[in-house]
Amino acid sequence: APNSLKAATVGVAALITAFIVILLLLVVTHPSPAALVASIASREIQFAIYLSIVTSIASTAISILIAVPSAYALARYDFLGKHAVNTIVDMPLALPPLVAGVGLLLFFGTTPIGKALAEAGLVFIFTPLGIIVAQVFVNFPFMLRIMRSTFEGISPRYEYVAKTLGCTDLQALWRVTLPMATSGLIAGGVITWAKGIGEFGAALMIAGATRMKTETLPISLFLNMSCGELEMAISAATILIVISVVSL
Amino acid sequence: APNSLKAATVGVAALITAFIVILLLLVVTHPSPAALVASIASREIQFAIYLSIVTSIASTAISILIAVPSAYALARYDFLGKHAVNTIVDMPLALPPLVAGVGLLLFFGTTPIGKALAEAGLVFIFTPLGIIVAQVFVNFPFMLRIMRSTFEGISPRYEYVAKTLGCTDLQALWRVTLPMATSGLIAGGVITWAKGIGEFGAALMIAGATRMKTETLPISLFLNMSCGELEMAISAATILIVISVVSL
Amino acid sequence: MLEIEHVSKDMGEFVLKDASLQVNDGEYLVIIGPTGAGKTILLETLAGIYPPDSGRVVLDGRDITDVPPRERNICMVYQDYMLFPHLTVAENIGFGLRNRKVEATEIERKVTDAARFLAIDHLLHRHPDTLSGGEQQRAAIARAIVMEPALLLLDEPLSALDGQTREKLRKELRRLHDLYGITVIHVTHNFEEVFSLADRVAVIRGGEIVQVGEPHEVFRKPNCEFVANFVGVENLFHGRCVQKGDLCEIDAGGVRIVSATCSGDGEVTATVRPEDILISRTPLDSSAQNSLKGTIVDIVDNGMVVRITVDAGIPFVVVLTRRGVVDLDIHQDEEVWITFKASSVHVF
Amino acid sequence: MLEIEHVSKDMGEFVLKDASLQVNDGEYLVIIGPTGAGKTILLETLAGIYPPDSGRVVLDGRDITDVPPRERNICMVYQDYMLFPHLTVAENIGFGLRNRKVEATEIERKVTDAARFLAIDHLLHRHPDTLSGGEQQRAAIARAIVMEPALLLLDEPLSALDGQTREKLRKELRRLHDLYGITVIHVTHNFEEVFSLADRVAVIRGGEIVQVGEPHEVFRKPNCEFVANFVGVENLFHGRCVQKGDLCEIDAGGVRIVSATCSGDGEVTATVRPEDILISRTPLDSSAQNSLKGTIVDIVDNGMVVRITVDAGIPFVVVLTRRGVVDLDIHQDEEVWITFKASSVHVF
């Protein structure tokens, strides 16, 4: 049969696709619609939704503030150690989130800087602030990668022209390059936000899993699974699936 | 100052780089060398290393078996629903691992297929088999993405020529395209393997965290953190950092 | 004999529409056409890479329309070589023979023979990426001919090469064909390859084969406006060339044309640009080597310029300014002299 | 006046080596040189994009070497327009004025004026990506000239445009310069732009400025072999052109040359390819419009061909085959006639 290789390879692709779809449907259809509505209306899930949204928006905003200047520096300038910086800023993507969380825990718990911040009222350990910092640390590289390639794709000559037309360096970036980078900014923002919503391992290490305090949707899923509250757990999972599918 | 924008943006990049390096150093230098050696020599960490290596190698092998044919189908053939397949096979990357784990738990725990497999002796829930399936599900898209773009970068005309020279479709793939795709296969394999070693959320859901049974390095880190065994936890983290840095 | 019968194939970007063509045993057929005309898709359909939507392909009396490529004994050489980069040149050339389970010593003998014929026997242990373009194409041709194919398909085999290498390899292709009597279909958009290689030429356009015939037939008597425009070469002469000192003389249908640019004796094709020809009422005592007497058979005023056809044994098209025509006061059926320099004669 | 004094800059791939140059107020200076010669880096250094490694740039007596671009009042137009895609044409043209905090109504007036001058006032509300290449370049030029810059830098401004658009915009540039008396440095590798635009021309090579002068000076008397080879145009004539019916007559230093391809009266530069000129001992009664008597002042045998210089009031270089020279039996200092067709005269 001339098409047996096609049949076999497309078959594998179709099977794995079917498996993924079935898995998602299993989760989404597991609770009865009534139970799902009741769970979502519960104070606990409401809190988890609220906390997830607040922390993920905050972490996305901070990621943009960190990643955009770094990406610009890496795309436009030559400087000593650029190659090392380029490699290290991608490091959090290769690191297991649990390990990143332990690192953050040690930094904010044991170093003078962490202690000074705590004394100044900025407590990260076992607080929602810790969730935000965990999301930022693990997910800003997504933003940085996308913005780096976006900036690299915009000719620096646009800025040169802007500068001859009276712009400072910063104005040229703000009025010309950033508006041209909008689509990259949006794409990066959506990915960073969706990843932030789903962040679990790093947040678990630094912020812990405290009901109604550091309970984001993934933490809620974990807590309710742990104590057998399947309906609640799967409601959280369903909401997370909806967010992933929408952000894709 | 003409270089203030450069100074500011490079400064941000340098700061974030320094922060990442400090975090990693904090983890690696936290235990005393003696305590680190003692932890690594302990039966528990030895088991975690062994289980991590076995499960990650197994999951990488399975990922290759799934991803290479799928990637080949997506790169070479047109078929009905190709666009949907292309999107859905990337889905596990967008999904929080916890949710993937819940999906796997429901599939193997509640569906007839899962029950049939369990009766045939293939038990995935709370077993190392579950860890492998979790790693495969979450990480095979890395392999698939890399192989898809590798295959897309190899002109199909090499296969055409091979076929006029007497090869079947499968022989052309095996003797021409796959050897030309070696570098992609290695890159994809390393990433899939490193991600598998670090996998936590999905494995936690389906395989649970049972000491000396489903205790991979990330699970060990989690278990030991939970019960305050900081030395043990950080030894596991250190090993994971070394693996991440080496595989980068 | 290869018979292509009403073959159609729609690949979206490229199409083949009801293409019919016959290629005789040992024939060298060149297919020309503009970019995107469906030249490659025709070759790949013949090789069996994809099945046609309709129509039949018959090789030596056997319907091979649904036969997979490996059982057709048709080999293909692409413009960009497609040598397997992970294999040495020797392994590349022997690739097909190994698939046929030929004995190792026999493979080695055949590979060495083919490599020697194509003057790449010193490169057998190298990998393709260390070779020049011309050497790679020689290896690709060797890989095809060791299979002794019933039909050899060449897809713009010389297009990626530089001028000199192209010229050399063109001669090799001719020699190869003459020696092995192999049947060849060669796709190109280079007219020089038509005149130096083709027994017959086919013109393809938008997936349709619009004209087939001997090169001079097609170039002299295009059967439609598209072919006329596409092959649009004026003052095209065919004849025997004899070297005389620095120059060459071409006997084109009894008319002697002197050229400064040809090399070696034999059958050649030559052109002169209509702008390079002067018209006068008396022979010019000038430095120009070519001075011919003829009759004006046609005068066409194109606005900017005037096109005059002078029959001097063979017809010459000359372009003049309108003022030139008025000043010379020349008219239809009058006798004039045409003059052009030996360096204006382009030979290929 | 702009003074560039011993400016050096090493950017790795491109360099500038001890470049010195003066540009007078209102002058149109064209810089030519091969690809990678450092043309763009010179302009960008003048605009202040990067500081030179050494040397000074002085504009109107003020040392601007370390002045940031925005305070230089030097504008730049690139080959590929660099219009801001997120702004309309009007917003692009007014971009610099807004930075100067010019009043909105004043901006609108200036933008409209510049757009009208460049015939793009009907496009002001469009976005750049909906414009043709020529329209985009007009907008980019408008964006620069509304700033009334002390110096306008043009980096191959016509290279990305097709033939006709290029011709048109070249005339616009000339008109713009004549009308506004703006000082222009225009970088190109197109010689036609030199003769139609330049007051003076500078030749740059490997970051060094090797010759500066009026176009005819540089093209007639190259000061080194590089310039001679680079500008290598033979039979280059300068003169007044007068239209006569279909043809034009050019008075080149007293010699009358008839051309078929020029359009309109005025000062022009013309060339004839040496291969297009015939030599004879007597005047030819041919269709060719140009027939001149002259003396052979030089014969150089180059192997394949022989180069003969004939002084016919102005010098003409003619290329013959060796056989042609022998047959004609011509020698140094002899009188001959040279003949070439009006259509062989290329005017720009």
Side-chain angles (χ1 to χ4, degrees), chain A residues 2 4-6 8-10 12-14 16-17 20-24 26-27 30 66 69-70 72-74 77 79 84-85 87-89 91-92 94-100 102-104 106-107 110-111 140 169-170 173 194 198 200-201 205 218 221-222 225 233-234 237 240-241 244 247-248, chain B residues 2 4-6 8-10 12-14 16-17 20-24 26-27 30 66 69-70 72-74 77 79 84-85 87-89 91-92 94-100 102-104 106-107 110-111 169-170 173 194 197-198 200-201 205 218 221-222 225 233-234 237 240-241 244 247-248:
Chain A
S4 59
L5 185 65
K6 176 172 175 179
T9 57
V10 171
V12 173
I16 194 73
T17 304
I20 294 168
V21 171
I22 288 170
L23 238 59
L24 297 183
L26 272 178
V27 176
H30 191 266
I66 294 172
S70 306
Y72 188 79
L74 290 168
Y77 300 120
F79 52 89
V85 169
T87 309
I88 291 170
V89 290
M91 188 74 217
L95 215 57
L98 278 186
V99 175
V102 170
L104 289 169
L106 291 176
F107 183 82
T110 66
T111 63
F140 88 90
D169 289 7
L170 187 60
L173 169 59
F200 171 63
M205 285 294 114
L221 170 55
F222 168 69
M225 272 316 260
I234 288 176
L240 286 168
I241 287 177
S244 299
S247 74
L248 207 71
Chain B
S4 60
L5 184 65
K6 175 173 176 177
T9 56
V10 172
V12 172
I16 194 74
T17 303
I20 293 169
V21 171
I22 288 171
L23 238 60
L24 296 184
L26 272 178
V27 176
H30 192 266
I66 293 171
S70 306
Y72 187 80
L74 289 167
Y77 300 120
F79 51 89
V85 170
T87 310
I88 291 169
V89 291
M91 189 75 217
L95 214 59
L98 278 187
V99 176
V102 171
L104 290 170
L106 291 176
F107 181 82
T110 66
T111 61
D169 289 8
L170 186 62
L173 168 58
I197 286 264
F200 171 63
M205 285 295 114
L221 169 56
F222 169 69
M225 271 320 259
I234 289 176
L240 286 169
I241 288 177
S244 300
S247 74
L248 208 70

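Throughout, a chain's letter reflects where its sequence line sits, starting with A, and its residues are numbered from 1.
Using a 4.5 Å cut-off between heavy atoms, A/A194 does not touch chain B at all. For B/A100, the part sitting under 4.5 Å from any heavy atom of chain A is the backbone (N, CA, C, O) and nothing else. When heavy atoms are compared at a cutoff of 4.5 Å, A/L26 approaches chain B by way of both its backbone and its side chain. A/I16 touches chain B through its side chain: at least one heavy atom from C-beta onward sits under 4.5 Å away, while N, CA, C and O do not. With a 4.5 Å cut-off on non-hydrogen atoms, A/F79 touches chain B through its side chain but not through its backbone. For A/T111, the part sitting under 4.5 Å from any heavy atom of chain B is the side chain, from C-beta outward, and nothing else. Looking at A/L104, the atoms closer than 4.5 Å to chain B (heavy atoms on both sides) sit in the backbone and in the side chain alike.
Across all non-hydrogen atoms, the minimal contact from B/S244 to A/P96 is OG-CD, 3.5 Å. Between B/G103 and A/V27, the closest heavy-atom pair is CA-CG2, 3.5 Å.
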Check the pair A/V12, B/Y72 against side-chain contact (heavy atoms from CB on, under 4.5 Å), reporting the backbone distance first and the verdict last.
-> CA-CA 10 Å; A/V12 173; B/Y72 187 80; over 6 Å; no

Please test A/L24 against B/I88 for side-chain contact (heavy atoms from CB on, under 4.5 Å), starting from the C-alpha separation and ending with a verdict.
-> CA-CA 11 Å; A/L24 297 183; B/I88 291 169; over 6 Å; no

Criterion side-chain contact (heavy atoms from CB on, under 4.5 Å) on A/L106 and B/I234, from CA distance to verdict = CA-CA 10 Å; A/L106 291 176; B/I234 289 176; 4.0 Å; yes

side-chain contact (heavy atoms from CB on, under 4.5 Å) between B/H30 and A/V102, intermediate numbers included = CA-CA 11 Å; B/H30 192 266; A/V102 170; over 6 Å; no

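Interatomic distance, A/T9 OG1 to B/D169 CG, rounded to the nearest 0.5 Å: 9.5 Å. For the atom pair B/L98 CG and A/F222 CZ, the distance stands at 8.0 Å (nearest 0.5 Å).
Between A/F200 and B/F200, the ring planes lie parallel to each other; the angle is under 30°, not in the 30° to 60° tilted range.
Contacts with chain B were tallied for A/L95, A/L74, A/V89, A/I241; A/L95 has the most, counting heavy-atom pairs under 4.5 Å. When the candidates B/L221, B/V21, B/L170 are compared by the number of heavy-atom contacts under 4.5 Å with chain A, B/L221 comes out ahead. If you tally non-hydrogen atom pairs under 4.5 Å between each of B/G198, B/A14, B/A84 and chain A, the highest count goes to B/G198.
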